[in-house]
Amino acid sequence: MSLVPPEVMAGELNLFWQSIFTWASWGIVLIMLIIAARMGLRQRTPFYFIAVLAAGVGAYIEPLYDVAFDLWFYDVSNGLPGAMWSHFTAFGIVQPNWTHSGYMILYSSACLYAGKMLYEGRATKSTLFLIWLAEITASCVFEMIGTGTGVYTYYGPYVMRIWNYPLVIGILEGTQVILYTVLAVQLWRRVSSSFGLLGLFAIFPVTMMGANCGLGAPIIVALHLSDAEFSQGMIWAATLLTMGLCVIAVNGAARFIPEPLTKTREDFSVSSKLVHA
């Protein structure tokens, strides 16, 4: 695995945009938590609130992601390190405190606006792909600001960059949202108590690493090939393969959309009648 280039480590952090990322993201999260709490009270379920918190706690695995995808958070200002507002460092990568708010915004928002629809079985494959495209767009907008303004960078030899942001990363992140949301809703349909919904804290890292390090394995390996085996053609092939795997994954996730509640109740009614007959 390649080491972080010295010139990347010496990159200057944009202090203004660090402030924007920190305060704006946590402000959005506060609004999300209020919405989640209100929806939960109205529907008598803590699903939404726990789904958001699970994504926030899941941000503690961000260093694994950083190492795999050559992501570096800038930490230098005026030539001196320590400029990042950070709460811990792992693998030599300083972690900004807004990774948690960023995770909650990017990865759990679909649970808020699409969770009930999926739970009730009102979503279709087309709906899921529209959510996927919306999440890819949101990811690209959020991260292009970060990579374009000097807050962090993906320093690997990626192709198909938009304002320094690799498009393949956005597609992987959108796919992670779909997998997390669908699996979270499936759990919601199956548990009979609020305690059971704590399983969302386990579901998030499974889908996070499964999507990014599983579906993203081709691009991760291609990025870190030895000099003798590395080629830009391999990066292109791995990028397209990863994107293709994401399409397959979303298509597969569509098959796990819950059946409509009315249909489930009708099936149960018919089964009961047969048993009593």
Side-chain angles (χ1 to χ4, degrees), residues 13-63 65-66 71 73-75 83-90 94-119 131 134-152 165 170 173-174 176-185 187-188 194-195 197-205 207-208:
L13 171 64
N14 188 314
L15 299 180
F16 172 77
W17 279 101
Q18 173 180 224
S19 298
I20 296 295
F21 263 68
T22 301
W23 297 112
S25 64
W26 280 109
I28 293 171
V29 164
L30 178 60
I31 294 172
M32 287 176 64
L33 288 173
I34 292 173
I35 292 173
R38 289 175 62 87
M39 291 173 66
L41 289 172
R42 188 164 58 248
Q43 299 175 34
R44 298 182 178 180
T45 175
F47 169 78
Y48 304 104
F49 200 83
I50 294 176
V52 176
L53 290 182
V57 173
Y60 279 107
I61 62 177
E62 171 67 17
Y65 179 94
D66 299 340
L71 189 155
F73 294 106
Y74 293 124
D75 185 46
M84 178 67 73
W85 295 340
S86 171
H87 55 316
F88 77 103
T89 298
V94 177
Q95 298 295 306
N97 56 38
W98 53 260
T99 54
H100 299 276
S101 52
Y103 267 52
M104 287 187 268
I105 294 169
L106 287 176
Y107 296 129
S108 70
S109 58
C111 287
L112 298 186
Y113 69 78
K116 190 171 189 294
M117 175 177 59
L118 287 164
Y119 178 86
I131 295 172
E135 291 296 329
I136 291 172
T137 301
S139 175
C140 287
V141 170
F142 182 92
E143 295 226 47
M144 279 192 299
I145 295 174
T147 59
T149 58
V151 178
Y152 60 94
Y165 177 58
E173 291 183 346
Q176 144 66 3
V177 171
I178 294 299
L179 298 183
Y180 174 55
T181 305
V182 171
L183 190 54
V185 170
L187 176 69
W188 186 16
S194 298
F195 180 78
L197 288 174
L198 294 178
L200 292 172
F201 285 96
I203 285 176
F204 183 85
T207 56
M208 176 68 186

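Just so you know, these numbers use all the heavy atoms, side chains as well, and skip hydrogens, waters and symmetry mates. FYI, the numbering just counts along the sequence from 1.
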Decide yes or no for [X] and [Y]: does some side-chain heavy atom of the first lie under 4.5 Å from some side-chain heavy atom of the second?
X	Y	answer
F73	V151	no
L106	V177	no
M84	L13	yes
L197	T45	yes
Y152	F21	yes
L187	F47	no
L15	Q18	yes
F201	I50	yes

Value rounded to 0.5 Å, distance of [atom1] in [X] from [atom2] in [Y]:
X	Y	atom1	atom2	answer
L41	M39	CG	CE	11.5 Å
I28	L33	CD1	CG	12.0 Å
M104	L53	CE	CG	7.0 Å
L198	I203	CG	CD1	11.0 Å
T89	D75	OG1	CG	7.0 Å
L118	I178	CG	CD1	8.0 Å

I need the minimum non-hydrogen distance between [X] and [Y], along with the two atoms involved.
X	Y	answer
T181	A110	OG1-CB, 3.5 Å
G150	Y74	O-CD1, 3.5 Å
H100	G56	ND1-O, 2.8 Å
A114	I131	CB-CD1, 3.7 Å

Using distance alone, with no hydrogens and no angle criterion, decide if S86 and Q95 have a side-chain donor and acceptor under 3.5 Å apart.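 No, because no side-chain N or O of S86 sits under 3.5 Å from a partner of the opposite role on Q95.
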So, [X] side chain and [Y] main chain: donor-acceptor pair closer than 3.5 Å or not?
X	Y	result
T99	P96	yes
N97	H87	no
Y180	A51	yes
Y165	G170	yes
N14	T149	yes
S109	I105	yes

Sequence neighbours left out, what passes side chain to side chain donor-acceptor pair (under 3.5 Å) with W98? Give chain and number order.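 For W98, no residue satisfies side chain to side chain donor-acceptor pair (under 3.5 Å) once neighbours in sequence are set aside.
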Please check if the distance between the ring centroids of Y107 and F204 is under 6.0 Å.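 Y107 vs F204: aromatic centres under 6.0 Å.
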How would you list all residue pairs meeting side chain to side chain donor-acceptor pair (under 3.5 Å) that involve residues 48-62, not counting sequence neighbours?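 Residue pairs passing side chain to side chain donor-acceptor pair (under 3.5 Å), neighbours aside: Q43-Y48, E62-Y103.
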Mind jotting down which residue pairs meet the salt bridge (Lys or Arg N to Asp or Glu O under 4.0 Å) criterion with at least one end in residues 108-119? Sequence neighbours excluded, please.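 Passing the test, one end in residues 108-119: K116-E120.
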